[in-house]
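Report on the following structure.
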Amino acid sequence: MRVSSLIVTGLTLLTSFGTSAIAQSGRGASMSADSVPDPIKTAVARLDLERYKATVKGLTQFGDRRQGTKRNRDAVDWIEAQLKRYGCTNTGRITYEYRLDTAARGRGTGGGRAGPRTGPGSAQGGGTPRGIRARTGVNNDSLAQPDAKLRALNSEASVPGQRQEVYCTKVGTTHPDEMYIVGGHMDGIGWGEAANDDGSGTALVMELARVFSSPDIQTERSIRFVLWNNEETGTNGARAYIQQRQTLQGKEQPAGSGKYPEPKWLGMIQHDMMMFDHGMPHEDGTLNKEQRHEADVNIEFQVASKFAADAQKLAWALATANEKYATDYPASVGQHMTNTDSGPFQDVVPAISLRENERGVQIGNGWDPHWHQPTDVFATFTDKDFRLGLNAAQTTLAGVAMLTGLSIKK
Ligand SMILES: [Zn+2]
């Protein structure tokens, strides 16, 4: 209903996008009747709710992980150690300088963090807000956090200076020179634990790194898992990555080695706030207590971006993967991606984001009362919330597996 005009186009485009991967998995499925299991299904089954929750929980030990603090740097170290433990040993770091003037430039510029408004009443990213709107904002009051221990953990203030963010890479067997980038942002704000924004997306990316790094899993193309820093200040970490590495794409180094420090970017898939879809606020501003039965994973591309056509194909590829492999919740595709690390990529490469709700017209209308609030802590969320995040993980894992040609060694 949401994008009925796009559905026909989307499906048509999809037939030309990743056709071989889909046909392959189709063949796998028909052969698998009794003997050969579908390798994507096997890989998806290696995700589970308790592991996903444990990874979110692990991230919350560093409080809100605000950029420019020790708790943020400790979280980067912890993430890197976990990635190595998972077997994603090919790690690297991007080092950049964060100054307040770069922050000012980062916010709201075209093709950047905030997407265009298409009219006076439109939402960020360009959608039309409907229905009941509840208040949104960022909590900057430490005393609004009732948990004294967490308040103390979050007390160190951010200072400008050097920043780092970590990534690891699954190297492709036949096309090590091409990759998909799978990202989430590890920094947070609001005096909580940044459990949902964006512990939920960071944990998803880490869990995918774990599964894809299993010794028996091969992919034809490479995959880079990146945990961006400084998203909350204006996607500065993603911008630094593009600035430092865009021109290195596809270069073999050293020549003849078969090694590609920066494979060519085929697409960028971002994850930001994955767990809470309780519906529209009520008239009094309150929300349903439980995850709504109609909850879905929202896959967004930006219709006003340079790579809109290919970004749309990428979105539909993941939606198709969701239909086939996700266990509980469906996916919906929308055209107003905005305000996350995929924004800086959208005019460079096909870029999409996955979220609990559409960022512009839903989250922007107050559909997540914990957004940037002291209540964004692990204990706020129930298994039904975590399960939506797990379904997003299943969606991206299966989609990327199809696109990169996953197989499992016997
Ligand atoms: Zn976020």
Side-chain angles (χ1 to χ4, degrees), residues 55-56 59-60 62-68 72 75-76 79 98 103 106-108 112-115 123-125 136-140 154 158 163 165 181-206 226-239 241 268-277 297-300 302 334 336-346 351-378 380-381 385 388-389 392-393 396:
T55 309
V56 176
L59 288 159
T60 62
F62 306 100
D64 67 5
R65 306 182 298 282
R66 186 184 290 257
Q67 58 80 33
N72 174 276
V76 174
I79 290 166
Y98 173 70
R107 265 201 192 277
R113 186 168 194 266
Q124 282 188 319
T136 59
V138 178
N139 171 59
N140 290 310
N154 284 336
S158 170
R163 302 285 184 269
E165 59 197 4
I181 300 173
V182 176
H185 73 87
M186 51 70 65
D187 67 312
I189 50 175
W191 291 88
E193 290 174 338
N196 190 33
D197 186 9
D198 189 24
S200 64
T202 299
L204 183 159
V205 174
M206 292 172 68
V226 192
L227 292 317
W228 312 110
N229 206 342
N230 277 95
E231 191 272 350
E232 297 290 3
T233 52
T235 61
N236 310 91
R239 288 163 194 280
Y241 183 94
M268 194 282 190
I269 305 169
Q270 168 74 359
H271 303 84
D272 194 351
M273 301 172 70
M274 311 310 302
M275 304 202 293
F276 193 91
D277 186 2
V297 177
N298 289 88
I299 306 172
E300 297 184 275
Q302 176 48 254
H336 299 303
M337 180 185 82
T338 187
N339 287 74
T340 194
D341 295 300
S342 43
F345 283 91
Q346 70 184 21
I352 60 173
S353 70
L354 277 74
R355 277 188 167 110
E356 61 196 14
N357 285 308
E358 292 186 9
R359 169 61 182 81
V361 299
Q362 297 180 340
I363 297 173
N365 255 18
W367 286 36
D368 187 336
H370 309 297
W371 182 35
H372 298 158
Q373 297 302 311
T375 51
D376 187 359
V377 295
F378 186 86
T380 292
F381 302 97
D385 299 318
L388 183 62
T396 300

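Only a predicted model underlies this, so the values are computations on that prediction, with no experimental measurement involved. We count ligands from 1, going down the list as the structure has it; atoms in each ligand are counted the same way.
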Any chance you could lay out the ring pair (Phe, Tyr, Trp, His ring centres under 6.0 Å) test for Tyr241 and Trp228, step after step, and finish with the verdict? CA-CA 9 Å; Tyr241 183 94; Trp228 312 110; 5.5 Å; yes
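Between the side chains of Glu231 and Asn236, not a single donor N or O lies within less than 3.5 Å of an accepting N or O.
Between the side chain of Gln270 and the backbone N or O of Ser353, no donor-acceptor pair lies under 3.5 Å. Listed for the Arg65 side chain is a donor-acceptor partner under 3.5 Å among the backbone atoms of Leu59. Side-chain atoms of Asp198 come within 3.5 Å of backbone atoms of His185 as a donor-acceptor pair (strictly under, hydrogens ignored).
If you look at the Zn ion (ligand 1), the protein N, O or S atoms less than 2.8 Å from it are His185 NE2, Asp197 OD1, Asp272 OD1, Asp272 OD2.
Applying the side-chain contact (heavy atoms from CB on, under 4.5 Å) rule to Asn365 yields the partners Pro129, Arg133, Trp367; only residues at least two apart in sequence or on another chain are considered.
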